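Residue numbers start from 1 in every chain, and the chains themselves are labelled A, B, ... in the order their sequence lines are given, proteins ahead of strands. Remember, it's a predicted structure, so these values are computed and weren't measured experimentally.
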Amino acid sequence: MSASSSWKANQRRLAPWLFLTPGIVMFLIYVIVPIFQSMWISFYDWDGLGAKTWIGLGNYIELIDDDAFYTSFKNNIIWLVLYMFAVPAGLMIAIFLNQTIRGMRFYKSLFFFPFVISQVVVGLMFSWFYAPNFGLLYKLIEMLTGQGVAILADDRFVTYGIIAAGLWPQIAYVMILYLTGLNNVAPDQIEAARLDGAKGWKMLWYVIIPQLRPATFIAVVVTVIGALRSFDLVSVMTDGGPYGSSRVLSFYMYEKALSEYGFRMGYGAAIAVVLFAIMMVFISGFIWKMWRDETER
Amino acid sequence: MFPRPIEQASATKQWLYTIAVPVALFLWLLPLLGVAVTSFRPASDLAAGNYFGMPTRFAYENYLDVFNNTPMGKYILNSFKVTVPTVIGAVALSCMTGFALAIYRFPSNLIIFFMFVAGNFVPFQILMVPVRDLTVQLGMYNTWYGLALFHIAFQSGFCTLFMRNFIKSLPFELIEAARVEGVAEWRIFWFIVLPLMRPAIAALSVLVFTFIWNDFFWATVLTSSPDTQPVTAGLSSLNGQWIAQWQLVSAGSILAAMPPVLMFFAMQKHFIAGLTLGAVK
């Protein structure tokens with residue numbers, strides 16, 4: 001009797017924790033704790049099997065003189081900058097498609113299609129598109145300039161070639177965000193602006209884009225995360241080559257820690273910590289904004 | 001509506017627009033169409049340099065070849081074995097966490113919520129070494145459940161964000177009325193909130209299905225043999241063996257892409273509703 005009555009009295013206080021516990025436990029074990037473990041491992045020399053040797057900042061000092069690290073880092077910056085192109089491009093396509101002609105729903109879903117496909121498959125598709133001697137793009141360049149370019153075998157172009165492949169699904173994703181956003185733009189404001197003589201670019205810049213802010217925020221978030229997570233395409237299209245020129249930090253980390261090139265868990269963890277630090281700059285920004293939105297309400 | 005509806009434009013412009021959309025779509029999907037056509041091209045066409053013309057015949061044997069001479073069937077089965085439990089697990093966990101974070105007010109509520117949100121953004125590589133180590137120690141390396149367990153845990157971050165915001169948008173009066181009636185909290189969850197969550201559960205299920213089916217990184221980190229590898233990792237290793245046999249690479253790619261594509265077309269409304277949650281206020 002007393003047990004059940006104390007449960008009744010306290011259940012509003014205890015219930016949230018009962019609902020939360022399974023989720024929190026799983027998330028702590030597989031996500032939160034490993035972040036700190038990785039930071040810890042980055043101070044060791046460890047092959048993943050034998051004993052760990054504490055080397056303090058040794059791995060980080062080695063990073064400073066590692067040319068491959070700088071190449072990866074530089075490529076990450078290029079990824080981040082060029083990936084942002086997905087945001088205006090997605091907006092343009094969304095505006096182009098925001099009509100109600102017959103079959104439009106079908107067209108929209110086909111435009112969105114690339115996002116549903118695995119990046120492994122996207123990578124293979126673009127490898128075929130770029131393939132020397134018979135790839136569609138190779139042929140096109142050959143036709144225009146008289147000489148084809150093997151994009152994925154040329155260290156000047158390879159990173160750009162992979163980024164273009166990544167942009168394909170990313171633009172599709174941003175497009176769908178903006179299509180939804182455009183659907184919810186207040187029609188009376190557009191009408192009012194039209195009466196004031198606003199149209200075209202002015203209308204877009206002063207009336208539409210401010211109203212699309214929530215969509216833009218999400219588009220920027222997913223694009224930054226997408227750019228920094230670029231692993232699949234690099235792995236499938238070039239395996240980091242030629243001569244490591246298309247590596248990014250996420251790929252280089254994997255290569256060092258878990259591939260035929262070695263099992264240097266400590267060094268890999270140090271690279272991951274650097275990538276995490278870059279990502280944290282953005283994550284803190286997003287969280288700060290979301291936190292403000294939550295507490296303002 | 002922005003831009004101005006095309007119906008208000010001149011007849012020529014309308015006509016141009018109805019032509020422009022399919023042309024743009026064709027160009028947009030060119031890499032995909034190229035691969036789809038190549039997957040039906042006989043090997044002899046490729047040897048003769050016929051890369052872009054019509055295939056001389058409809059070579060469906062490429063697909064049979066992929067199924068008979070590679071573990072493709074096995075890979076696809078493995079993908080289902082990882083994906084389906086992950087969808088169920090992550091959605092179930094996040095129904096509960098989302099409910100707790102949306103309905104109850106307690107001091108650490110927002111901190112816990114933002115732990116899930118922030119964790120969902122971290123780069124996979126920062127988790128790689130410890131998660132792989134943990135999976136090996138639990139004896140789950142190279143098993144479908146080792147991979148699924150990680151995915152459930154990681155996806156619960158995004159799913160919690162999604163579910164919590166969805167439940168927040170439900171009318172809170174329903175819950176207050178039930179409490180006044182003395183309904184137990186777990187009954188409120190099970191009989192009042194859960195039925196209202198159906199659209200969110202559907203949206204989240206298709207999204208998580210696609211994310212997990214398309215995952216490549218964790219598949220390569222946590223599995224290693226054709227007996228357990230999902231289709232993304234399998235396709236990548238087959239690609240290494242099929243050097244320049246593009247008709248097979250293409251057929252394999254189309255097969256690997258099929259399930260999420262079918263899922264997308266079957267559940268399109270839910271899929272897009274899920275992806276764009278938060279894009280409007």
* Taking Trp28(B) for the side chain and Pro114(A) for the main chain, is one N or O donor matched with an acceptor at less than 3.5 Å? -> no
* **Verdict with supporting geometry, Met115(B) and Ile32(A), side-chain contact (heavy atoms from CB on, under 4.5 Å)** => CA-CA 8 Å; Met115(B) 174 193 82; Ile32(A) 304 297; 3.7 Å; yes
* Asked: Is a side-chain N or O of Asp133(B) found less than 3.5 angstrom from the main chain of Gly48(A), in a donor-acceptor match?
  -> no
* Asked: Between Thr100(A) and Glu7(B), does a side chain to side chain donor-acceptor pair (under 3.5 Å) hold up when you go through it step by step?
  -> CA-CA 9 Å; Thr100(A) 47; Glu7(B) 289 88 344; 3.2 Å; yes
* Based on non-hydrogen pairs under 4.5 Å, which of Ile190(A), Leu124(A), Val222(A), Val207(A) is most in contact with chain B? -> Leu124(A)
* Mind checking whether Phe113(A) and Phe265(B) have parallel, tilted or perpendicular rings, split at 30° and 60°? -> tilted
* To do: List the steps and the verdict of ring pair (Phe, Tyr, Trp, His ring centres under 6.0 Å) for Phe106(B) and Trp17(A).
  => CA-CA 10 Å; Phe106(B) 52 97; Trp17(A) 296 104; 5.0 Å; yes
* Between Val129(B) and Met253(A), which heavy-atom pair has the shortest distance, and what is it? -> CG2-CE, 3.9 Å
* Asked: Looking only at atom types and distance, does a side-chain atom of Ser253(B) sit under 3.5 Å from a main-chain N or O of Val121(A), one as donor and one as acceptor?
  -> no
* Asked: Most heavy-atom pairs under 4.5 angstrom with chain A, which of Ala257(B), Ala184(B), Ala100(B), Pro123(B)?
  -> Pro123(B)
* Flag the pair Phe264(B) / Phe115(A) as yes when their ring centroid distance falls below 6.0 Å, and as no otherwise. => no
* Structure fact -> Nearest heavy-atom contact between Gln99(A) and Pro3(B) is NE2-CG, 3.7 Å
* Using non-hydrogen atoms and a 4.5 Å limit, figure out which bit of Ser127(A) sits close to chain B: side chain, backbone, both or neither. => both
* Sub-3.5 Å donor-acceptor pair from the side chain of Gln125(B) to the main-chain atoms of Ala272(A), do we have one? -> no
* Asked: Going through the checks in order, is the side-chain contact (heavy atoms from CB on, under 4.5 Å) test met by Phe2(B) and Val185(A)?
  -> CA-CA 8 Å; Phe2(B) 182 86; Val185(A) 168; 5.6 Å; no
* To do: Start with the C-alpha gap between Phe231(A) and Phe216(B), add the side-chain angles, then the distance that decides, and say whether side-chain contact (heavy atoms from CB on, under 4.5 Å) holds.
  => CA-CA 9 Å; Phe231(A) 171 88; Phe216(B) 174 63; 3.9 Å; yes
* To do: For the pair Phe99(B) and Phe19(A), name the ring-plane relationship: parallel under 30°, tilted 30 to 60°, perpendicular over 60°.
  => perpendicular
* Asked: Taking the inter-plane angle between the rings of Phe150(B) and Tyr30(A) on a 0 to 90° scale, is it parallel (under 30°), tilted (30 to 60°) or perpendicular (over 60°)?
  -> perpendicular
* To do: Heavy-atom distances under 4.5 Å only: say whether Ile95(A) touches chain B with side chain, backbone, both or neither.
  => both
* Contacting region of Leu97(A) [heavy-atom separation from chain B under 4.5 Å] -> both
* May I have the step-by-step check of side-chain contact (heavy atoms from CB on, under 4.5 Å) for Val116(A) and Asn214(B), ending in yes or no? => CA-CA 8 Å; Val116(A) 184; Asn214(B) 291 342; 5.6 Å; no
* Kindly indicate, with the supporting measurements, whether the criterion salt bridge (charged side-chain N to carboxylate O under 4.0 Å, His left out) is fulfilled by Arg13(A) and Glu185(B). => CA-CA 10 Å; Arg13(A) 218 156 46 81; Glu185(B) 297 297 314; over 6 Å; no
* Ring centres of Phe27(A) and Phe116(B) under 6.0 Å apart? -> yes
* Asked: Which of parallel (below 30°), tilted (30 to 60°) and perpendicular (above 60°) describes Phe114(B) and Trp291(A)?
  -> tilted
* Arg12(A) to Tyr104(B), cation-pi by 6.0 Å centre distance and 45° axis angle -> no
* Asked: Roughly how far, to the nearest 0.5 Å, is the OG atom of Ser250(A) from the CE atom of Met128(B)?
  -> 11.0 Å
* Portion of Ile41(A) that has a non-hydrogen atom of chain B nearer than 4.5 angstrom -> side chain
* Select one option (side chain, backbone, both, neither) describing which atoms of Leu179(A) are under 4.5 Å from chain B's heavy atoms. => neither
* Asked: Relative to chain A, which segment of Thr97(B) carries a heavy atom at a distance below 4.5 Å: side chain, backbone, both, or neither?
  -> both
